[in-house]
Amino acid sequence: MGDRMRTIPFGDLLEWMMKEYREEGKIFGLQKSKFYISRGKNRLGTAFGVSLGSGTGPAAGPHTQLAQNILTSYLAGGRFIELKTVQKLDGEFMREAIAKPCINAEDEGYNVEWSTELKVEEAQREYIKAWILCHVAMKEFGISDERDFAFNMSVGYDLEGIKTEKIDSFIEGLKDANKVPFFRECIETLKEKEGLFESFKASDISEISPRI
């Protein structure tokens, strides 16, 4: 296993997802028999007016750092997904500050993991990719006719850090991803790869909200 976390281009994720599904009946290792589809009509509402297909979902952690992990958590039933925390100290600084493994358990266990080993901009891109992937999977695999999940951003760790340009840009970009060129690039890539899908249609692309 490499020491550095390396992200996967959005187009490659789309192709990997569909190839693995058609050839092996799974997505990123999760068998399609484990996909969660809510059969009831009841929905759970959030304070932001989003209807959820279940009341479960992962808390912020290493598992919600990469797009493919977030998609897998959605397929497994997670509908309220808390994204991995970002802060002003990121990327190379964090990798050099804390050695791996980042759990000290000689006697009592102490988790000293960093906020994210990705740069804040990289993290934002992963969340944008995951947001679009969940929309695609929702329609392609018959999970729901309309969005049944929500993303919850996590930022830290003090007010001064949150007010920095880096974190403010992250927040504003997820509030309205139309401001982020990478979001538009992913939408264009999705249009180019429309032929990969059977149930997800071109008309579904316009329904992907930029309000992540």
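Quick caveat, the model's predicted, so the values are computed rather than measured.
Note: Phe35 and Phe141 meet the aromatic proximity criterion, with ring centroids under 6.0 Å apart. Taking the six-membered ring for Trp and the full ring otherwise, the centers of Trp131 and Tyr74 sit at least 6.0 Å from each other.
Within the 4.5 Å cutoff, side-chain heavy atoms of Leu83 are placed close to those of Ile70.
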**Request:** Evaluate the salt bridge (Lys or Arg N to Asp or Glu O under 4.0 Å) criterion for residues Arg125 and Glu122: first the C-alpha distance (whole Å), next the side-chain angles of each, then the deciding distance (0.1 Å), finally the verdict.
**Result:** CA-CA 5 Å; Arg125 290 185 173 200; Glu122 291 176 323; over 6 Å; no
**Request:** Applying side-chain contact (heavy atoms from CB on, under 4.5 Å), run through Phe200 and Leu190 and close with a yes or a no.
**Result:** CA-CA 10 Å; Phe200 183 83; Leu190 186 57; 3.9 Å; yes
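Taking all atoms of both residues into account, the shortest heavy-atom contact from Gly156 to Ile162 is O-CG1, 4.2 Å. Here the shortest heavy-atom pairing between Ala137 and Leu75 reads CB-CD2, 4.0 Å. When all heavy atoms of Thr72 and Leu30 are compared, the pair lying nearest together is O-CD2, 3.9 Å. Of all non-hydrogen atoms in His63 and Asn69, the two that sit nearest each other are O-CB, 2.9 Å.
Remark: Glu146 engages no residue in a side-chain hydrogen bond (donor to acceptor under 3.5 Å, both in side chains) (not counting sequence neighbours). Qualifying salt bridge (charged side-chain N to carboxylate O under 4.0 Å, His left out) partners for Glu24, counting only residues two or more places apart in sequence or in other chains: Lys26. Partners of Lys34 by salt bridge (charged side-chain N to carboxylate O under 4.0 Å, His left out), not counting sequence neighbours: none found. Under the salt bridge (charged side-chain N to carboxylate O under 4.0 Å, His left out) criterion, Glu194 pairs with no residue at all, not counting sequence neighbours. Ser154 meets the side-chain hydrogen bond (donor to acceptor under 3.5 Å, both in side chains) test with Thr85; sequence neighbours excluded. For the side-chain hydrogen bond (donor to acceptor under 3.5 Å, both in side chains) test, no residue two or more places apart in sequence or in another chain qualifies with Glu192. Residues satisfying the salt bridge (charged side-chain N to carboxylate O under 4.0 Å, His left out) criterion with Glu20, sequence neighbours excluded, are absent altogether. Remark: Thr164 pairs with Lys88, Lys166, Ile167 by the side-chain contact (heavy atoms from CB on, under 4.5 Å) rule, at least two apart or across chains. Listed by chain and residue number, Arg22, Glu140 satisfy the side-chain contact (heavy atoms from CB on, under 4.5 Å) test with Glu198 (two or more places apart in sequence, or in another chain). Residues that satisfy the side-chain hydrogen bond (donor to acceptor under 3.5 Å, both in side chains) test with Ser199, not counting sequence neighbours, are absent from this structure. Residues satisfying the side-chain contact (heavy atoms from CB on, under 4.5 Å) test with Thr7, not counting sequence neighbours, are Leu66, Leu118, Glu126, Lys129.
When hydrophobic clusters are built by joining Ile, Leu, Val, Met, Phe, Trp and Tyr residues whose side-chain heavy atoms come closer than 4.5 Å, directly or via intermediates, Met153 is not grouped with Phe80.
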Show me, pair by pair, the donor-acceptor contacts under 3.5 angstrom made by side chains of residues 204-212, not counting sequence neighbours?
unit_1	atom_1	unit_2	atom_2	d
Asp204	OD1	Lys139	NZ	2.9
Asp204	OD2	Lys201	N	2.7
Ser206	OG	Ser203	O	2.9
Glu207	OE1	Lys139	NZ	3.3
Ser209	OG	Arg211	N	3.0

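Counting only distance, with no hydrogens or angles, the side chain of Arg79 and the backbone of Gly57 share no donor-acceptor pair below 3.5 Å.
With respect to Glu188 and Arg184, no salt bridge is recorded, no charged nitrogen being found less than 4.0 Å from a carboxylate O. Salt bridge status for Lys19 with Glu23: present, with a side-chain N to carboxylate O gap under 4.0 Å.
Aromatic ring pairs are classed by plane angle as parallel below 30°, tilted from 30° to 60° and perpendicular above 60°; the pair Phe151 and Phe149 is tilted.
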